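Because only heavy atoms are used, hydrogens play no part in the values below, and waters and symmetry mates are left out as well, while side chains stay in. Computed from a prediction, not measured in an experiment: that's the story for all the values here. Chain letters run A, B, ... following the sequence lines, proteins first and then strands; every chain starts at 1.
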2 protein chains.
Amino acid sequence: MTVTQRHSKPAPDFPRPYTTVDVVIFTIAQGQLSVLLVQRPEHEDDPFPGLWALPGGFVNVDLDADLQACAARKLKEKTGVDSPYLEQLGSWGGAARDPRGWSATHVYFALIPAHDLPLTKGANAADVAWFEVDELLARPALAFDHSTILQAAVERLRSKVEYTSLPAFLLTEPFTLPQLQQVYETVLGRSVDKSGFRTRMLAANFLVEAGHVEGTSNRPAMGYRLADRSGPVVFPRTFSPRG
Amino acid sequence: MTVTQRHSKPAPDFPRPYTTVDVVIFTIAQGQLSVLLVQRPEHEDDPFPGLWALPGGFVNVDLDADLQACAARKLKEKTGVDSPYLEQLGSWGGAARDPRGWSATHVYFALIPAHDLPLTKGANAADVAWFEVDELLARPALAFDHSTILQAAVERLRSKVEYTSLPAFLLTEPFTLPQLQQVYETVLGRSVDKSGFRTRMLAANFLVEAGHVEGTSNRPAMGYRLADRSGPVVFPRTFSPRG
DNA sequence: TAAATAGTGTCTCTTAGACAGTATGAG
DNA sequence: CTCATACTGTCTAAGAGACACTATTTA
């Protein structure tokens, strides 16, 4: 895809900000909500050398048809995952966030199934690793304004988990209701009543049975798949326990 | 504010997309949910000549400290309103949305109190007018991808109105509960039970009494102001009537 | 007193939450 | 058998929705 200058005069010759796309990639690793980061090059002339940052980079106007495609490309490059849950989080732009000048980044957030990539340098690229979200939030030290962005992403995720089926996208299919409940509890950071949880999930009608799954031990549980992988289901209420 | 090239090498010399900011400005005009549009110049070489579009334009890297400031500036220019409710809606970018080339727009949405600007050309600038949202959605004919963006903005607004105090930002203070209820009903397009509505609003604890307001006729009603104008309050449940 | 709008009381029914119970597998 | 985990039943209390009622003004 190339930029075509059709029968229109060019846009006024304003100085243009840098345009980038960043992706906040969540997974459950080692039983913790985790996010994928890449390490900035150590070269002194690069901004934030050696610091960790969200995966992302400049929009390529020849490769990327639109912003979502650009985000999907970057996600594929870092994780190999092809069709995860991917939604737009927002955009951050200003004069101060990048020492090279005025820049704006379009941020997406992705959920991918539990990844066994250990919490060390990754396999696909050097200097890629999973980090536990809670540790990053406690000691924010990411490049650019990425700590702020990460915080917004976690807030959005935790808030949506209260009333949607989003956590299902963090599991490989088929999964069991106890597994799903565990993911909810991990993300929310609190326990949830089993009976109410099951009623709620089944009433929302977004799961289809997929035969019994041989658990690691004891009684096998029913396995489920998502009826529709295009997006989460919204529950009429929140999970909040009684006041 | 100018772009400073500090002790960092410049960013790689990728072609940069155009960067714009657009604002979806809602108000209640003539008892209808309405949005402010500006007419594109008639000049043949301009994209979408003569069509109506959302107010917005290129980011000015010298004037605008960040995206939000840019949106606030554009809103002030068109309406004179200074500190409305302003939240980010999202961003749209791609090769196809502007004939002049790859572009990305950061979209904000604003709520301003009922405006008496008639549904004709405005006072501040030529070619500015309020349009009823429902008519625009029924016959989408805006420039660029602005019909798509408007639809997303209306969906976001209607969805948030179900469980937040957002409509209060569409009223001038002090306002009465019946007035507020009327705004909810206008935006939602359905009626709401008076008793439940009052209980809910008062329980949410975001209103402070401001003395009785002389109504246009009959019994005067209590006037209220917002306890906190920085953002809406979130209700624990939705407005949905019983199934 | 009538009309109009502001504001309250009350009943019912749904349902979330809590928790105790039963079912079904492994060893 | 026991133990562990999957799954179900039941009680209770909060609160939303529906609607009828009272209150306070103008004309």
When the distance from [atom1] of [X] to [atom2] of [N] is rounded to whole Å, what number comes out?
X        : N      : atom1 : atom2 : result
B:Leu202 : C:dG9  : CG    : P     : 13 Å
B:Arg200 : D:dG17 : CZ    : P     : 7 Å
B:Leu180 : C:dT5  : CG    : P     : 18 Å
B:Leu188 : D:dG17 : CG    : P     : 12 Å
A:Met222 : C:dA23 : CE    : C1'   : 14 Å
B:Lys194 : C:dT8  : NZ    : P     : 10 Å
A:Gln181 : D:dA6  : CD    : C1'   : 11 Å
B:Gln182 : C:dG7  : CD    : C1'   : 17 Å

Inset, instruction - Test for a donor-acceptor pair under 3.5 Å between the base of D:dG9 and the side chain of A:Ser195, counting only N and O atoms. - result: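 Donor-acceptor pair under 3.5 Å: yes.
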Legend entry - Side-chain donor/acceptor of B:Arg219 to base of D:dA23, under 3.5 Å: yes
Legend entry - Main-chain N/O of A:Thr176 paired with A:Gln179 side-chain donor or acceptor, under 3.5 Å: yes
Inset, instruction - Using modelled atom types only, decide if a donor and an acceptor are shared between the side chain of B:Thr186 and the backbone of B:Gln32 within a distance under 3.5 Å. - result: no
Inset, instruction - State whether B:Arg198 places a side-chain N or O below 4.0 Å from either non-bridging phosphate oxygen (OP1 or OP2) of C:dG7. - result: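 So the side chain of B:Arg198 is within the cut-off, an N or O lying under 4.0 Å from OP1 or OP2 of C:dG7.
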Inset, instruction - Would you please indicate if the ring centroids of A:Tyr224 and A:Phe175 are separated by under 6.0 Å? - result: no
Inset, instruction - Identify, with sequence neighbours excluded, every residue that meets ring-ring contact (aromatic ring centres under 6.0 Å, His included) alongside A:Tyr108. - result: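 Applying ring-ring contact (aromatic ring centres under 6.0 Å, His included) to A:Tyr108 gives none.
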Inset, instruction - Take A:Asp193 and B:Tyr224, find for each the nucleotide of DNA chain C with the closest heavy atom, and name the residue whose nucleotide sits nearer the 5' end. - result: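 Here B:Tyr224 is the residue nearer the 5' end.
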Legend entry - A:Asn218, nearest nucleotide to its side chain (from C:dG17, C:dA26, C:dA4): C:dA26
